[in-house]
Amino acid sequence: MHLPKRFLAAMVLVALFALSLSSYVALTRSFQYQTRDEGPNAGYAVELSQGELPTIDTPVTTDAERYPLVVEGRETMVDEPHRHIWTANHPPLYYLLSLPFVAAADALDAPTVMIVGMRLVNALGSALCVLLVGLIAFQITRRPLTAFLATAISASCAVLVAAGGHIANDGVAVGASSLTLLATIRILDHGLTPRRLALVALAGTAAAGAKAPGVLTVVLCGAAIAVALLVADRSRRGVFRAVAAAAVATGVPGIATGWFYLRNIALYGDPTASGALLEKFDRQPTGTWWQVVTDGGLWVDWYERLWAPLLAEGYAAGADLLALVAGVGLLVLLVRHRARPADRRWSAAGWLLLAVHAALVLVNLVGFLAGGGNPNDRYLMPLMPLLASLLAIGVMAVVDLIPARSRGIRDTLAAAAISLALGAYALLILGWFVTSATYKGRLPGADTGTAELVVAVGIACGVVAVCLVARRATSTSPRQRVCSEHARRGSDR
């Protein structure tokens, strides 16, 4: 079953809505030197533009004439470690993508071009992640409405406004990681082809080249492909095919990015330099691995911060309500699963891959937190494909409890209405964010009118997306609805 073009178009429009919110922040917010790591990230790109690959001890540029905002932020730091490029433990892909904006800022004598350009690169990656979340949800459920709702859920996350609108590598990293997962699931479900394997290798290279967690994604996806091929064919030819495919899926990213992680090992003693960074900033362990895992308050707070910034406590109720409704729906599905066979259209291999990927990400984060690391909201972004899919499935399971003469119409209108509410919630968060004290002024020379126009276009995209989905409920005649209702029950959600 292919995703209907109408749903694909709607999901693209939702991703553009998310992009508009991040773009508003990118175009208007003042430079956030430390709170969002913008200073060291900009300094990384500056060093690359000069032909140097920085280390975590490389000082941020002091060229106030060319990079006034970076230097101004640097001077506010009270200690020397924070005047360094502490983000140099990350591989350089995002910063390489930003080099045209560094060059343009120099050529035009317009320092904000570099700031806004680097932010928009990150915003594009975050928007791509929103779209990929929906495509992954469809791949594992085969239900267009569930895929559309998962897209809307991910687009409503405040972390996309906060993290997606700043100079950071998270958008590129999570976009590439999600693409790697999607390409791998397609191989697991539909078989190996040269084109699918090439996509896994290229997306994996981008994932490993953007951020260290991408390496985990690459290794996992390579192993999953090998296992799936071996299960399908255990002959000598099958073994050779499995080994060769896994070698391509992991070897291409390894050859392209492995040198950087070997460099980290040589410089800092581990591939991610996490230990060196904790020591650099004198971070102390916050507890054992088990204490972090069992700290329920930490996990609830971390989940809520995906949708509501730390200081916007009242808005966290929206995230809690979403989780509560979805939780009830998932329990309903569990009870029904015991009473009747599971939906065979679902991708068991895809679900397993997402679950193992989430486990790897969480284990890595737990170790980081136990060592004294900061539970930043954007660290949970790699979990969005699984999290948004589960939330969407749970919500639609609750909708399924509502009596209706036409399940297809009910489900379609419910998904459209819920997505519209999620979009309104995202706008409320944006409104709170840009009027709060945390916004700290505006970027010099920022054109607020242009930024507001971008958001207006994004809102229009979101409304059109909802209309495209809702139109399905009214585009068929009553007789057609009756005839197609039975076939539609399993495929619409």
Side-chain angles (χ1 to χ4, degrees), residues 2-3 8 91 93-94 96-97 124-125 128-142 147 169-233 237-261 271 347-361 364 381-386 389:
H2 296 287
L3 178 65
L8 177 59
L93 176 61
Y94 165 71
L96 289 171
L97 294 174
L124 284 169
L128 175 62
C129 175
V130 170
L131 176 60
L132 289 169
V133 164
L135 294 176
I136 290 173
F138 176 73
Q139 192 64 44
I140 59 178
T141 66
R142 315 306 294 175
N169 58 3
D170 299 278
V172 174
V174 75
S177 177
S178 298
L179 182 57
T180 308
L181 291 169
L182 175 61
T184 302
I185 293 172
R186 288 192 61 82
I187 290 177
L188 301 182
D189 288 346
H190 306 294
L192 181 69
T193 66
R195 182 178 297 181
R196 290 170 186 158
L197 183 59
L199 182 57
V200 170
L202 291 176
T205 299
K211 207 167 183 180
V215 176
L216 297 177
T217 304
V218 168
V219 173
L220 172 63
C221 289
I225 291 171
V227 171
L229 294 178
L230 284 173
V231 169
D233 185 359
R237 180 179 178 275
V239 171
F240 175 80
R241 190 164 177 258
V243 171
V248 171
T250 58
V252 172
I255 292 172
T257 66
W259 62 271
F260 180 83
Y261 294 101
S347 169
W351 278 110
L352 180 59
L353 179 67
L354 292 183
V356 175
H357 175 257
L360 288 175
V361 171
N364 185 49
M381 288 174 66
L383 303 178
M384 196 54 64
L386 178 63
S389 296

Phe240 and Leu229: side chain to side chain contact (heavy atoms under 4.5 Å, CB included), yes or no, with the steps? CA-CA 10 Å; Phe240 175 80; Leu229 294 178; over 6 Å; no
Steps toward side chain to side chain contact (heavy atoms under 4.5 Å, CB included) verdict (Leu216, Val361): CA-CA 8 Å; Leu216 297 177; Val361 171; 5.6 Å; no
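- A pairwise comparison of heavy atoms in Ala242 and Ala226 identifies CB-O, 3.6 Å as the closest pair.
- Counting heavy atoms from C-beta on, the side chains of Val215 and Pro271 never come closer than 4.5 Å.
- Looking only at distances, no side-chain donor or acceptor of Thr257 sits under 3.5 Å from a matching main-chain atom of Gly209.
- Side-chain contact between Leu135 and Leu8: present, with at least one pair of heavy atoms (C-beta onward) separated by less than 4.5 Å.
- Atom CD1 of Ile185 is separated from atom OG of Ser347 by 6.0 Å, given to the nearest 0.5 angstrom.
- Nearest heavy atom pair, residue Ala206 against residue Leu93, reads O-CD2, 3.4 Å.
- Annotation: side chain of Arg186 is not in contact with side chain of Arg195 (no heavy-atom distance under 4.5 Å).
- Atom-to-atom distance recorded for Ile225:CD1 and Arg241:CZ is 11.0 Å, nearest 0.5 angstrom.
- Annotation for Val218 and Ala208: closest pair CG2-CB, 4.3 Å, computed over non-hydrogen atoms.
- Here the CD1 atom belonging to Ile140 is positioned 9.5 Å from the CG atom belonging to Asp189, to the nearest 0.5 angstrom.
- With rounding to the nearest 0.5 Å, the separation of CG in Leu179 from CG in Leu202 is 9.0 Å.
- Between the side chains of Ser177 and Thr217, a donor-acceptor pair is found at a separation under 3.5 Å.
- Here the side chains of Val174 and Met384 are not in contact, with every heavy-atom distance at 4.5 Å or above.
- Between Val200 and the choices Leu192, Ile187, Thr250, the side-chain contact (heavy atoms from CB on, under 4.5 Å) rule is met once, by Ile187.
- What you find for Val248 and Ala201 is that their closest heavy atoms are O-CB, 3.8 Å.
- Here CD of Gln139 is found 12.0 Å from CG of Leu132. Values are rounded to the nearest 0.5 Å.
- Within the 3.5 Å criterion, the main-chain N or O of Lys211 finds no donor-acceptor partner in the side chain of Tyr94.
- Nearest heavy atoms, Cys221 versus Leu181: SG-CD2, 3.9 Å.
- When all heavy atoms of Thr184 and Ala224 are compared, the closest pair comes out as CG2-CB, 4.4 Å.
- A distance of 7.5 Å separates NE2 of His357 from OG of Ser178, quoted to the nearest 0.5 Å.
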